[in-house]
Amino acid sequence: MNICLLIKDFAVGKKFLPDGRPTKSGAEIHGENHALQLIKLGHRVTIMTKKRFFFTAARENLNRIDLVRLHAPFRWLEIFLRLFTTHRDIDAFYIIGTPKFSVWAILFAKFFNKPVTLALTGKAEIFSSNKNWRNKILAKCTNYVATTKEIRDGFIESGGISPEKISILPHGIDTKKYPESNSARRRELKISHGVEPEQKILLFCARIVKDKGVDTLQDVWKILHKKFPRAILFVVGGGINELLDELRKLSAELDDSIKVIGEVDAPQEFYQMADVYIFPSRHEGLPTSLLEAMSSGLPAVTSDIGGCEDVIENDVNGYRVYSEDAAAFAEKISLLFEDEERRKIFGERAAKLIRETCDFSIVIPKLAEIIAAK
């Protein structure tokens, strides 16, 4: 199958924005992962996306992905020209998010009876089919993929999509890259990072922006530091420089108990080293960092929001609390800090769930079937 994947941004050419945020979004990461995994299954994949900078190539081969960057202001025309010439052998279309130019691919697919699948990975992408002409077209796809139950409900309630057209499917991760940790590995990594083995580590690994609950994280740590003065908070991820500076300032006020690591390409060792994972985000699709942490055997305390609700079961493999309730976060983290057996059981259950439901070996063959279905 020759698949055309359409996404708003892909390989934009710059790693960070001026304020410090990484340019690579969650949707772009999912798009790249899905393309590479579909190629592993024997499919061909072309990604069509925006051309944002003069210096980026209009077309290139990127890790066996045929990458086409569409020129403004005539992206609609370029899509048609490509599909009638250089890419006339496309069999199916797969759209991640709701890029405006994707509606022209939908119209092409409908006219030539080719299947088109629209996947939403975040609640903010849910569209109302009655809002404008583009949304009406978005509501005419062959198949829909929702990464969470909340997004599935949004497809139905706002988009007017028939439930039988919708599949709930996580975007997936490669669980082999995030093996379950153990006490020996945790001890080894703590020592390598200058942490004594008995010191507890709380991990936050996500983009450092307000929507991820970084302000709540600071309030939580103020409470926990009083109760566990030797515990350490590791903050891993790139983001807004002002927020990173706030965390460094707070660390200085709290006995240098916060380690601000910044952006890393491979966060595995931090998942392997930590005792508890915290995720106080205000809104999410299905957070990749949470799946990675769970796959690594970390018990998590998360916001009680869409996406987290799909994988965290209270008092089974973690806890969910109100996203801005710092006291509730601190209470549940304290329970886990103080109970080694609970941490171990919750972590084992978390890892088992992610391996059975979110591994690429399970997700991608299902996704390929959906993309091909007419």
Side-chain angles (χ1 to χ4, degrees), residues 9 12-29 122 124 189-190 192-196 199-284 287-290 292-293 298 300-303 305 308 321-330 333-334 337:
D9 291 305
V12 296
K14 294 184 177 180
K15 190 169 183 179
F16 297 98
L17 296 171
D19 64 6
R21 285 176 295 163
T23 59
K24 200 168 187 178
S25 66
E28 182 181 339
I29 292 169
L189 285 169
K190 283 184 178 181
S192 72
H193 281 268
V195 179
E196 295 181 16
Q199 286 180 275
K200 297 296 181 289
I201 291 179
L202 178 66
L203 174 65
F204 174 91
C205 182
R207 189 163 295 203
I208 311 302
V209 294
K210 188 173 181 181
D211 282 351
K212 295 294 185 184
V214 175
D215 51 344
T216 302
L217 175 67
Q218 294 180 63
D219 292 337
V220 172
W221 192 246
K222 289 173 187 175
I223 298 169
L224 287 173
H225 181 66
K226 289 179 181 178
K227 190 171 183 179
F228 304 95
R230 298 191 69 241
I232 303 292
L233 168 62
F234 273 79
V235 177
V236 178
I240 295 176
N241 292 323
E242 289 181 9
L243 292 178
L244 289 164
D245 288 341
E246 282 182 16
L247 287 162
R248 294 184 184 103
K249 181 181 178 183
L250 180 61
S251 179
E253 295 169 0
L254 300 177
D255 308 311
D256 295 323
S257 58
I258 304 174
K259 307 300 180 186
V260 181
I261 304 300
E263 184 75 359
V264 298
D265 292 327
Q268 287 90 333
E269 69 177 46
F270 297 100
Y271 294 130
Q272 296 263 305
M273 177 175 62
D275 295 287
V276 179
Y277 188 70
I278 180 171
F279 194 74
S281 185
R282 287 179 166 82
H283 53 80
E284 284 294 327
T288 300
S289 63
L290 177 59
E292 294 169 351
L298 263 180
V301 182
T302 76
S303 299
I305 55 175
C308 298
V321 301
Y322 176 65
S323 63
E324 298 181 21
D325 191 340
F329 269 102
I333 293 166
S334 296
F337 270 1

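- The nearest pair of heavy atoms linking Pro22 to Glu263 is CG-OE1, 3.6 Å.
- Between Phe270 and His193, the two ring planes are tilted [angle within 30° to 60°].
- In this structure the side chain of Phe204 never reaches within 4.5 angstrom of the side chain of Ser289, judged on heavy atoms.
- Looking at heavy atoms from C-beta onward, Phe337 lies in side-chain contact with Leu202 at the 4.5 angstrom threshold.
- Side-chain contact between Ile29 and Thr288 is absent, with no heavy atoms from C-beta onward closer than 4.5 Å.
- Rounding to the nearest 0.5 Å places CG of Leu254 at 10.0 Å from CG of Leu233.
- Ser323 places no side-chain N or O within donor-acceptor distance of the main-chain N or O of Arg282, the cut-off being under 3.5 Å.
- Side-chain contact between Asp219 and Lys222 is present, with at least one heavy-atom pair separated by less than 4.5 Å.
- Atoms CG and CG, from Leu250 and Leu217 in turn, are 8.5 Å apart once rounded to the nearest 0.5 Å.
- Side-chain atoms of Asp275 and Ile201, non-hydrogen and from C-beta on, do get closer than 4.5 Å to each other.
- Taken to the nearest 0.5 Å, the CD atom of Glu242 stands 8.5 Å off from the CG atom of Asp19.
- Smallest separation of non-hydrogen atoms from Ala206 and Lys212: CB-CD, 4.4 Å.
- Scanning all heavy atoms of the two residues, the minimum distance from Ile232 to Trp221 falls at C-CH2, 3.5 Å.
- The two residues Lys200 and Lys190 come nearest to each other via the heavy atoms CA-NZ, 4.3 Å.
- Closest approach of Tyr277 and Cys205 over heavy atoms only: OH-O, 2.8 Å.
- Not one N or O on the side chain of Ser251 forms a donor-acceptor pair closer than 3.5 Å with the backbone of Leu247.
- Residue Ser281 is tested with Val209, Thr216, Ile305, Asp211 for a side-chain contact (heavy atoms from CB on, under 4.5 Å); the sole match is Ile305.
- Residues Leu243 and Lys210 come closest through the heavy atom pair CD1-N, 3.6 Å.
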